[in-house]
Amino acid sequence: MTQDFSDGHLTHVTHPLVQHKLTLMRRKDTSTAGFRQLLREISQLLAYEITRGLPMTTERIDTPLQPMDAPVLDGKKLVLVSILRAGNGLLDGILELVPSARVGFVGLYRDEETLKPVQYYFKVPQALEDRMVIAVDPMLATGNSSVAAIDLLKQAGATNIRFLCLLAAPEGIARMKEAHPDVQIVTAAVDERLNEQGYIVPGLGDAGDRMFGTK
Ligand code: URA
């Protein structure tokens with residue numbers, strides 16, 4: 001049985017397909033190609049969940065039989081923001097579902113002395129204040145880089161932000177809730193804890209290395 005950790009701040013997607021695919025991803029002998037494909041598939045299932053509540057309107061259309069007022073998305077295009085580099089593994093799948101979404105990138109590295117995240121890249125679409133912004137990063141571990149990325153998005157004007165990840169550690173969830181209580185997190189799993197190196201356990205290892213084959 002999968003325990004459901006959902007509350008007002010966090011949505012834990014316990015759908016059987018998500019859970020099965022995540023187990024395949026966690027296996028250490030899953031290939032780079034397999035990992036990437038599974039991540040793409042899960043990203044779409046998580047995107048389905050996180051985009052619930054997108055504003056809707058109706059449009060007058062003609063079916064072959066008669067006119068009707070049919071539902072369509074309303075408002076400005078949503079924005080996906082990849083937190084580099086692992087966030088990129090979630091982008092393509094979501095863009096297949098929401099092809100007109102705008103895309104931004106946030107790059108942060110950890111200063112070895114202060115241990116604080118430092119920005120090295122930031123490029124986001126215009127008019128963030130009028131759009132739903134979905135920040136994506138497969139791993140919510142310490143939460144330091146995710147919180148810093150969301151700080152930057154808020155400074156750039158975003159007011160309606162959600163955070164999509166594959167795995168979350170309790171420490172990262174708590175950090176995000178404290179820093180950004182308004183940001184809804186959607187995740188496929190809440191794991192036990194962080195280890196001394198800051199990896200999520202049981203986890204799946206380094207998501208970037210596994211998707212890009214860099215180790
Ligand atoms: N980033 C990863 O890629 N894996 C972890 O377990 C934690 C952070």
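Along the sequence shown, residues are numbered consecutively beginning with 1. All ligand and atom numbering here is 1-based and tracks the order in the structure.
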For the side chain to side chain contact (heavy atoms under 4.5 Å, CB included) test, which of Thr14, Thr187, Leu10 pairs with Phe5? Leu10

Those atoms of ligand 1 less than 4.0 Å from some heavy atom in Ala141: 7 (C), 8 (C)

Give a yes/no verdict on whether any heavy atom in Gly205 is under 4.0 Å from an atom of ligand 1. yes

Tell me whether Gly198 reaches ligand 1 (any heavy atom closer than 4.0 angstrom to a ligand atom). yes

Are Met139 and Leu24 connected into the same hydrophobic cluster when the rule is that any two of I, L, V, M, F, W, Y join if their side-chain heavy atoms are below 4.5 Å apart? yes

Could you state the interatomic distance from CD (Gln37) to CE (Met25), rounded to the nearest 0.5 Å? 10.5 Å

Please check whether Ile200 reaches ligand 1 - meaning an N/O of the residue sits under 3.5 Å from an N/O of the ligand, judged on distance alone. yes

Going by an N to O cut-off under 4.0 Å, is there a salt bridge joining Asp130 and Lys77? no

Part of Ala207 within contact of ligand 1 (heavy atoms, under 4.0 Å): both

Do the non-hydrogen side-chain atoms of Thr32 and Arg210 ever get within less than 4.5 Å of each other? no

